[in-house]
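Residue numbers start from 1 in every chain, and the chains themselves are labelled A, B, ... in the order their sequence lines are given, proteins ahead of strands.
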Amino acid sequence: MPRYDFKSIESRWQKYWEDNETFKAGDPSSATEKLYVLDMFPYPSGSGLHVGHPEGYTATDIVCRHARMNGRNVLHPMGWDSFGLPAEEHAVKTGTHPRETTEKNIGTFRRQLKMLGFSYDWSRELATTDEDYYRWTQWIFLQLFDTWYDAEHTWTGPDGEQRVGRGRPIAELPIPDDVAAAGDEAVRRYQDKRRLAYISEAPVNWCPGLGTVLANEEIVDGKSEVDGHPVERVALKQWMLRITAYADRLGSELDALNWPESIKLLQRNWIGRSTGAEVDFYIGTESFADWTSARGQQGWPEEASDDVLRVYTTRPDTLYGATYMVIAPEHPFVERLTTAEQSDAVQSYCRAASLKSDLDRTELAKEKTGVFTGSYAINPVNGQQVPIWVADYVLISYGTGAIMAVPAHDLRDFEFAVTFDLPIVQVVKPPESWEPSKDEKAAAAEVNGEQMTPFSGRGTSVNSGDLTGLPTDELKQKITAQLDDSGLGRSAVNYKLRDWLFSRQRYWGEPFPIWHELDADGNPTGLMRADEPAELPVLHPHMDDFQPTGTPEPMLSKADDSWLYKTAEDGTRLKRETNSMPQWAGSCWYFLRFCDNKNGEAFIDPALEKYWMPVDLYIGGAEHAVLHLLYSRFWHKVLFDRGHVSCPEPFHQLVNQGMILGDTDYSLTADDYEANAELIAERGLDPLRIRTDDGERVALRNPSDDSTKYCPLKDDQIEKRGRSVFLKGTELQLSGRTDKMSKSRRNVVNPDDVVKDYGADSLRLYEMFMGPLEQVKPWSMKGVEGVHRFLGRVWRMVIDDRAEELALHESVSDADPTADQLRVLHKTIKAVGDDIGKLSLNTAISRMMEFTNFMSHEDVRPKAVLQPFLLLLSPFAPHIAEELWAAIGNTDTLAYEPWPQYDESLLVEDTIELPVQINGKMRAKIQVASGLDREATQAAAEADPAVQKHLAGGNVVKVISVPGRMVNFVVK
RNA sequence: GCCGGAGUGGUGGAAUUGGUAGACACGCCGGAUUCAAAAUCCGGUGGGCGUAACAGCCCGUGCGGGUUCAAGUCCCGCCUCCGGUACCA
């Protein structure tokens, strides 16, 4: 086997690792330090692995292999996020059970990952669809159901940190006397409203055309992705998770994590904490003076009563400028506040708003719409009457669903006031230096014959009664304190983050372990019962067909009665919850189960949790920067509060790999194509129409037998003239782009093909050599060939590729290394080790290429130099490294060989080349002994003839001499 | 619009954090080997001026300013591209 035969090498070593369970994680032990390295587990789609997957997987594999060689006990597992829509859609089309499809796809993914030689501990493999797995997903849901959030509770967790606020058992929820007095049922309803998992009415996307409920991602522009049927929003009882209770901790506990700052920021913005004040505007019929004095005595009520409209504002300092109010169309007071004359207008406005999706509402952002209710409220600071409007630019889901409008200092209010001719009162004077922002300028309008520009920044108050003349920040505090004293308002915090809509109407998701009580007529009473943990898992009902229900009812409501109903021991009829959990559920805690995936008694053994958690390094795509990571952190914190896990955060270090784009694709506009279709056909090129954001384009491809294979134009088929690109020999201008890989563009590279042609080691190496891990990078087949050639050179550096049998290259010997060889080796050891630590894997590979380029030219290649190099190479290209390691005379796998150590003293070169600058321009290079001091370096520079030539006739004003770096003469 | 990231040869990308810009590759050009090809090996390769050849010089990290002995790197002002987000009061 003289040639580098990657096929046989790779399959042989993969079998060896599997047979010997080489990468099984060790048991917890105090002697070895643990390392938990995790990849975001994939959704096993029908199309199999994509070259984007192995990017992060290779990086983590390198880290793990390196860590094992450094004596760490490494946990590196893989599994499948296998619930999800596509398998169910396939079931609708073909009748194949989603489980069957899922298992087939998992099989493909597993085969493909094993073919890449990743060092996963496969004994820990799991799928979220395993009954033994989702049993515990349901169990965690019951924990959420059993928990309420005590925002006042001060406590110290097992991590030694003191916190305020804790999720506690629902049994510990204090029950007010009047509720307790009302009886057991009232208590249960009181508790149900406060659980972290609760039921609430929420809109679902109901598509009558398809007879099914759709997920948000199945909707494009308010129409179903399939066939473009219109989608309606229908209110349905749905499960919600109270993630907002944890908003503060989810924000503040990000600080200590070793995550990219940009991702932390993304999460903070998503949580969107803002501080301001809640203020009550009086809408009652009694006298305003009586109401304010009553408030002064009784103080601020927790729950707003019916005689006030409560608003949230971040700018309480502008209260004097509030000239009208707006409530959301869904606000509970709409009906009450609407006068008879306005009734028709308000009703039709609200109905129209309810049909609009969120997207439609924002689409119309330019044009403000709304309608007057006919009612007025009283501004608490100046007693003035202000009209109350209904408008959809106010969202029911944020704050109190009502605002005080300050048109002079809020762009949206300003636009609205201009549209409906409402009064605008300036209460903040801008600072002298103020220049209107782009937005402010754009909003500027003519009001009463005068040009007005809104000002939304900070300044000094005017027209604000006693509080005139104060800077914005000071006034905010002062007015909030005054409102608080008089019981008219108080400081408040709000979040953009909403509670998590946790139910779907699908079959292929975890069923809820919840029963609804029915009354004698079979109608739900609104009371619920949870399954006992011992009764889990709640399995899916058997179904013969997966056709949609034809109503907004969930798929599981089609189950037969034996699944849907039962009678409790106390005789109560019960009906099962028929919603299912979203795909996010299973991925919220899989990293915990990997620590102890066979445990039948608990979701995780506490000792194993304590040993392995948290995940030390977590690598995955940035598309999960917000939702998956936020949801997981939320669940983890609930489990932490309830004492089930010992650390407050699940992922210590997070790295996002950059997307891999397709190889450069050349295309022309549809018009150009039509005009030149013949020319293109003559050249035997395949036109491919592609829809893009800015119209249709036609990509030109080379023909291929395999229609799925991506064959873009090659460099010799195009011609560059200046900045433009033309189809070679024509006047046809093309544009070259690198796009996201997608089926519709047909530019997807299949790892199977790459492995077949170049081998797994080449694929792994190329994935890392392309560029920095975090960066977006275009794929290039030429690049794969490049690293493949490198592996060939490594092979020939060690092996005699002309021999019939496997034999070492004649230059390989037992001789002692030369000083040069040692220096190059040790520099490489240092560089590669440092680079792995920084995840700078592309440069690590460069360093190994430099080593190979050097060593291949040596006539004597001591094993003492080659062996450590093979160890350095092994995390990157493990198959060839194992093969050469064996060829050179070792009998055991190198997976646990100690990582080579470098000797600092061997790194120093005898002489170094230094640049000499004159006035900052490089003019000469001098050879000096390394370690030369400042003066001697300068003297050496002055002695150089080239330097002397430049210094001649000049006046040396200053000399900067940095030993080991450079010398600079400043000459006048 | 706002937030984040990035602009370096024909291409992907390096540059010890202010100290020789273009490491390592791809591509291209020339050569060796070969009956020929593939594979492999050797040499060259930022642009320009210049030389018989060396030498030498000028320009050059998106654009315009600035700080510094010295700027791809720091500061100010722009431009372009990519990603996220969307009336959050």
Would you say [Y] and [X] are linked by a side-chain donor-acceptor pair, where the criterion is simply a distance under 3.5 Å?
| X | Y | result |
| --- | --- | --- |
| A:D248 | A:Y495 | yes |
| A:E858 | A:S811 | no |
| A:Y312 | A:S274 | yes |

Find out whether A:L907 and A:R823 are in side-chain contact, i.e. whether some heavy atom of one side chain is under 4.5 Å from a heavy atom of the other.
->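 Side chain of A:L907 against side chain of A:R823, heavy atoms only: no contact under 4.5 Å found.
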Residue pair A:F790 / A:V794, side-chain heavy-atom distance below 4.5 Å |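 In contact.
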Listed nucleotide nearest any side-chain atom of [X], set [options]:
| X | options | value |
| --- | --- | --- |
| A:L265 | B:rA14, B:rU20, B:rC3 | B:rC3 |
| A:P772 | B:rC58, B:rC87, B:rA14 | B:rA14 |
| A:V394 | B:rA89, B:rC41, B:rA21 | B:rA89 |

Give [X] one of three labels, base, sugar-phosphate or nothing, depending on what nucleic acid heavy atoms sit under 4.0 Å from its own.
| X | answer |
| --- | --- |
| A:R923 | sugar-phosphate |
| A:H950 | sugar-phosphate |
| A:S274 | sugar-phosphate |
| A:R847 | nothing |
| A:E913 | base |
| A:H788 | nothing |
| A:N842 | sugar-phosphate |

Does [N] have its OP1 or OP2 closer than 4.0 Å to a side-chain nitrogen or oxygen of [X]?
| X | N | value |
| --- | --- | --- |
| A:R796 | B:rA39 | no |
| A:T664 | B:rU11 | no |
| A:K921 | B:rC59 | yes |

In the 5'-to-3' direction, what one-character label does each nucleotide of nucleotides 68-85 of chain B receive under the scheme B = base within less than 4.0 Å of a protein heavy atom, S = sugar-phosphate only, - = no such atom?
-> -BS-------------SS
If you find the nucleotide of RNA chain B closest to A:V962 and the one closest to A:G399, which residue's nucleotide is nearer the 5' end?
->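 First, find each residue's nearest nucleotide; the 5'-ward one identifies A:V962.
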Report the distance from atom [atom1] of [X] to atom [atom2] of [N], rounded to the nearest whole Å.
| X | N | atom1 | atom2 | value |
| --- | --- | --- | --- | --- |
| A:L841 | B:rG12 | CG | C1' | 16 Å |
| A:H809 | B:rU40 | NE2 | C1' | 12 Å |
| A:H857 | B:rU40 | NE2 | P | 14 Å |
| A:L773 | B:rA14 | CG | P | 12 Å |
| A:L765 | B:rC24 | CG | C1' | 12 Å |
| A:Q657 | B:rG5 | CD | C1' | 16 Å |
| A:K827 | B:rC24 | NZ | P | 12 Å |
| A:R3 | B:rA38 | CZ | P | 14 Å |

With both pairing distances under 3.5 angstrom for Watson-Crick or G-U wobble, and | for a partner in another strand, the correct string for RNA chain B is (((((((..(((......[....)))((((((.......))))))((((......))))..(((((..]....))))))))))))....
Just verifying a value: how many Å separate [X] [atom1] and [Y] [atom2], rounded to the nearest 0.5 Å?
| X | Y | atom1 | atom2 | answer |
| --- | --- | --- | --- | --- |
| A:L763 | A:D757 | CG | CG | 11.0 Å |
| A:L951 | A:R923 | CG | CZ | 11.0 Å |
| A:D5 | A:W795 | CG | CH2 | 8.0 Å |

Pairwise N/O distances under 3.5 Å, protein to nucleotides 25-27 of chain B:
unit_1 : atom_1 : unit_2 : atom_2 : d
B:rA25 : OP1    : A:N853 : OD1    : 3.4
B:rA25 : OP1    : A:N853 : ND2    : 2.5
B:rC26 : OP1    : A:R789 : NE     : 3.1
B:rC26 : OP1    : A:R789 : NH2    : 2.9
B:rG27 : OP2    : A:R789 : NH2    : 3.0

Step by step, work out the side chain to side chain donor-acceptor pair (under 3.5 Å) result for A:E850 and A:T828.
-> CA-CA 8 Å; A:E850 286 179 89; A:T828 309; over 6 Å; no
For A:T843, enumerate each residue passing the side-chain hydrogen bond (donor to acceptor under 3.5 Å, both in side chains) test, keeping only those at least two apart in sequence or located in another chain.
->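 Expected list: A:D835, A:S840.
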In whole angstrom, give me the gap between the [atom1] atoms of [N] and [M].
| N | M | atom1 | result |
| --- | --- | --- | --- |
| B:rG72 | B:rU8 | C1' | 7 Å |
| B:rG4 | B:rG9 | P | 27 Å |
| B:rA71 | B:rA21 | C1' | 11 Å |

NZ or CZ of A:K368 within 45° of A:Y393 ring axis and under 6.0 Å |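 The answer is yes, since A:K368 meets both limits relative to A:Y393.
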According to the salt bridge (charged side-chain N to carboxylate O under 4.0 Å, His left out) rule, which pairs have a member within residues 311-327 of chain A, sequence neighbours left out?
->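 Every pair satisfying salt bridge (charged side-chain N to carboxylate O under 4.0 Å, His left out) with a residue in residues 311-327 of chain A: A:R315-A:D317.
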Considering residues, nucleotides and ligands other than A:R310, do more than 12 of their heavy atoms fall under 6.0 Å from its CZ?
->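 Enclosed: over 12 neighbouring heavy atoms sit under 6.0 Å from CZ of A:R310.
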Base orientation of B:rG9, syn vs anti, 90° cut from 0 =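 Base orientation relative to the sugar is syn.
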Between A:S397 and A:R498, is a side chain to side chain donor-acceptor pair (under 3.5 Å) present by the stated rule, with each step listed?
-> CA-CA 8 Å; A:S397 49; A:R498 308 291 153 83; 2.6 Å; yes
Pairwise N/O distances under 3.5 Å, protein to nucleotides 45-48 of chain B:
none

Parallel, tilted or perpendicular, as decided by the 30° and 60° cut-offs, for the rings of A:H331 and A:F333 |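 Answer is perpendicular, since the angle exceeds 60°.
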Yes or no on side chain to side chain contact (heavy atoms under 4.5 Å, CB included) for A:I845 and A:L765, after CA distance, side-chain angles and deciding distance?
-> CA-CA 8 Å; A:I845 294 167; A:L765 220 46; 3.7 Å; yes
